[in-house]
Amino acid sequence: MPATAQASPPSRAVVAVTRRLPAEAMSRLRGVELRLWDSDDPIPRKKLLTMVEGASGLLCLLTERIDADVFRAAGPSLRVVSNMAVGYDNIDVTEATRRGVLVTNTPGVLTETTADLTWALILAACRRVGEAIDFLRADRWTTWRPLELAGVDVHGAVLGVVGAGRIGQAVARRAAGFDMEVIYHSRTRKPGFERETAAKFPDGRGPSFRPRLADLLTEADIVTLHVPLTPETRHLIGDRELGLMKPTAVLVNTSRGPVVDEKALAEALARGRILAAGLDVYEREPLPPDSPLRRLPNVVLLPHVGSATVRTRTRMALLAVDNLLAALEGRRPPAPVNPEVLRC
Ligand code: NAP
Ligand code: GLV
């Protein structure tokens, strides 16, 4: 049982932390009464529900579902839920706000790292890097053949960015090095981004013109997804959308798994309706052993490692701790998700 409790004066805030964090971040928690799930593995749901009882703060990871049951178990003492991730679809923010609980996340510190990883997937999927590695290791490399393991060019291709926020824009900036044309789809038009990267709405005809995802999907050679998971973006890419893409197109997803209808994607890949995909996120994580995606050669699969560099994960943990402590001390945290709670 890896949970540990540190002795502390009763006046100190009780804080539940659902995973062992990098040492630098743990040391910043010295001043609180800490209930730590001192493990590298996720806290079992039952333990989570008991650990939060009477806590003022909860620092959690994207693997924990923070729903009404958790808020109920915590009780009225809970003031802040600090997520060590920029995505916060694991948290019922509406319920948190209703209860006056502040939710925070870790935007910005992971933007460039996640954009780098997105490019790793773009390159790997277009140039069949995973297949090529397997091919060599399986001793199938017997000679040089004109079209063996031939993929599609990245340079000069049209990159379609869906969700032109921090990460989407960072991915688009990198496209300049590959002489690509960038088109994008977002809820709002981004003139600064368009100036910086020469990115275009696929149908960009003035600031009030609503960008159409369908146009982007039809025109792009590579479609890369960077929207948060919300009720509007769940299955944003399904059978119909995949059908709009070119048969030579590649889909990359480093946002959240449920943004893509995985069953439809597996079918599209199996039938050659699109060329390939590169995925870091899945509808169910870890990806189940029986997922049809695992059997397809034309998909590169990564285990949700978009932000996984030592520096960035440490910065995420530090920001999560700073958010938590600021909220508990009555200061405005660096990254509030529901700042309206602060005005209550
Ligand atoms: P962000 O700055 O908030 O960007 C998200 C963008 O998505 C916003 O610009 C927003 O557009 C757009 N958007 C939201 N709803 C949309 C909709 N219905 N249709 C079209 N566009 C929509 O967030 P970020 O920091 O770039 O992170 C994006 C997501 O990446 C996170 O939410 C997280 O789920 C995921 N992520 C994954 C990893 C990983 O390890 N794989 C790492 C980091 C983040 P407007 O600006 O036009 O409103
Ligand atoms: C990772 O997936 C994040 O949202 O930070």
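For the numbers below, each heavy atom of this structure counts, side chains included, while hydrogens, waters and symmetry mates do not.
Counting only distance, with no hydrogens or angles, the side chain of Arg19 and the backbone of Asp40 share a donor-acceptor pair below 3.5 Å. Of the possible polar contacts, none joining the Arg128 side chain to the Gly151 backbone as a donor-acceptor pair under 3.5 Å is found. Side-chain atoms of Arg294 come within 3.5 Å of backbone atoms of Leu287 as a donor-acceptor pair (strictly under, hydrogens ignored). Thr233 places a side-chain N or O within 3.5 Å of a backbone atom of Thr230 that can act as its donor or acceptor partner. Remark: side-chain polar atoms of Asp179 are not paired, donor with acceptor, to backbone N or O of His155 under 3.5 angstrom. Under the 3.5 Å distance criterion, the side-chain polar atoms of Asn105 are left unmatched by any main-chain donor or acceptor of Tyr88. The closest donor-acceptor contact from the side chain of Ser77 to the backbone of Gly54 lies under 3.5 Å. Of the possible polar contacts, one joining the Ser186 side chain to the Ala164 backbone as a donor-acceptor pair under 3.5 Å is found.
To the nearest 0.5 Å, atom CD of residue Glu283 and atom CG of residue Asp261 are 6.0 Å apart. The distance from the CG atom of Asp67 to the CZ atom of Arg72 is 8.0 Å, given to the nearest 0.5 Å. Within the model, atoms CD of Glu232 and CZ of Arg187 stand 8.0 Å from one another, a figure rounded to the nearest 0.5 Å. Gln169 contributes atom CD, which lies 7.5 Å from atom OG1 of Thr197 (distance to the nearest 0.5 angstrom). Once rounded to the nearest 0.5 Å, the distance linking SG of Cys126 with CG of Asp221 reads 8.5 Å. To the nearest 0.5 Å, atoms CG (Asp116) and OG1 (Thr309) are separated by 8.5 Å.
Leu301 and Val299 make their closest contact through CD2-CG2, 3.5 Å (heavy atoms, listed as atom of the first residue, atom of the second, distance). For the pair Gly238 and Glu241, the tightest heavy-atom approach, listed with the atom from each and the gap, is N-OE1, 2.8 Å. For the pair Val52 and Ala73, the tightest heavy-atom approach, listed with the atom from each and the gap, is CG2-CB, 3.9 Å. Of all non-hydrogen atoms in Asn253 and Ser255, the two that sit nearest each other are OD1-OG, 2.7 Å. Taking every heavy atom of both residues into account, Ala85 and Leu62 meet most closely at CB-CD2, 4.0 Å. The shortest heavy-atom contact between Thr314 and Glu24 is CG2-OE1, 3.5 Å.
Between Leu213 and Leu236 the shortest side-chain heavy-atom distance falls below 4.5 Å. Annotation: side chain of Thr18 is not in contact with side chain of Leu36 (no heavy-atom distance under 4.5 Å). Residues Val81 and Leu102 are not in side-chain contact: their nearest non-hydrogen atoms beyond the backbone lie 4.5 Å or more apart. A 4.5 Å side-chain heavy-atom check between Thr224 and Val162 finds every atom pair outside the cut-off. With contacts defined as side-chain heavy-atom distances shorter than 4.5 Å, the pair Arg20/Trp37 does not qualify. The closest side-chain heavy-atom distance from Lys47 to Arg35 is not below 4.5 Å. Side-chain contact between Leu265 and Ile274 is present, with heavy atoms from C-beta onward closer than 4.5 Å. A heavy-atom distance below 4.5 Å is not found between the side chains of Val103 and Val80.
The cluster map of Ile, Leu, Val, Met, Phe, Trp and Tyr, joined by side-chain heavy atoms under 4.5 Å apart, puts Val171 and Val129 in different clusters. Under the 4.5 Å side-chain heavy-atom criterion for grouping Ile, Leu, Val, Met, Phe, Trp and Tyr, Ile122 is connected to Val305 within one hydrophobic cluster. Side-chain heavy atoms closer than 4.5 Å link hydrophobic residues (I, L, V, M, F, W, Y) into clusters, and following such links, even through other members, never connects Val14 to Leu21. Leu123 and Leu302 fall within the same hydrophobic cluster, where Ile, Leu, Val, Met, Phe, Trp and Tyr residues are linked whenever their side-chain heavy atoms come under 4.5 Å apart, directly or through other members. Leu58 and Val337 fall within a single hydrophobic cluster, where Ile, Leu, Val, Met, Phe, Trp and Tyr side chains are chained together by heavy-atom contacts under 4.5 Å.
Residue Arg99 places its CZ atom among more than 12 non-hydrogen atoms of other residues, nucleotides or ligands, all under 6.0 Å distant. For Glu148, the CD atom is densely surrounded, since the number of other residues' heavy atoms within 6.0 Å is greater than 12. Other residues, nucleotides and ligands place no more than 12 heavy atoms under 6.0 Å from the NZ atom of Lys263.
With hydrogens and angles left out, the side-chain atoms of Ser307 and Thr114 include no donor and acceptor closer than 3.5 Å. Side chains of Glu262 and His235: no donor on one and acceptor on the other come within 3.5 Å. Thr97 and Asn338 are linked by a side-chain donor-acceptor pair at a separation below 3.5 angstrom, with hydrogens and angles left out of the test.
Ion pairing between a basic and an acidic side chain is recognised when a charged N comes within 4.0 Å of a carboxylate O; Arg234 and Asp89 show no such pairing. Checked for salt-bridge contact, Asp322 and Arg28 meet the test: a charged N lies under 4.0 Å from a carboxylate O. With respect to Glu267 and Arg273, no salt bridge is recorded, no charged nitrogen being found less than 4.0 Å from a carboxylate O. In this structure, Glu196 does not pair ionically with Lys190, as no charged nitrogen and carboxylate oxygen lie closer than 4.0 Å. Between Glu112 and Arg174, at least one side-chain nitrogen of the basic residue sits less than 4.0 Å from a carboxylate oxygen of the acidic one, meeting the salt-bridge criterion.
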Original post:
side chain to side chain contact (heavy atoms under 4.5 Å, CB included) between Thr63 and Asn90: does it pass, once the steps are laid out?
Top reply: CA-CA 7 Å; Thr63 42; Asn90 57 313; over 6 Å; no

**OP:** Would you sort out whether Leu29 and Val321 count as a side chain to side chain contact (heavy atoms under 4.5 Å, CB included), showing the intermediate values?
**Re:** CA-CA 7 Å; Leu29 287 167; Val321 169; 3.9 Å; yes

Subject >> salt bridge (Lys or Arg N to Asp or Glu O under 4.0 Å) between Glu219 and Lys246, intermediate numbers included >> reply: CA-CA 8 Å; Glu219 291 177 31; Lys246 300 175 184 178; over 6 Å; no

**OP:** Please step through side chain to side chain contact (heavy atoms under 4.5 Å, CB included) for the pair Leu48 and Val70, ending with a clear verdict.
**Re:** CA-CA 8 Å; Leu48 172 65; Val70 175; 4.1 Å; yes

**OP:** List the steps, then state whether side chain to side chain contact (heavy atoms under 4.5 Å, CB included) holds for Val223 with Val250.
**Re:** CA-CA 6 Å; Val223 175; Val250 167; over 6 Å; no

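Judged as a salt bridge (Lys or Arg N to Asp or Glu O under 4.0 Å), and not counting sequence neighbours, Arg240 has no contacts. Scanning for ring-ring contact (aromatic ring centres under 6.0 Å, His included) contacts around Phe178 gives Trp119, with sequence neighbours left out. Scored by the salt bridge (Lys or Arg N to Asp or Glu O under 4.0 Å) test, Arg166 finds no partners at all (sequence neighbours excluded).
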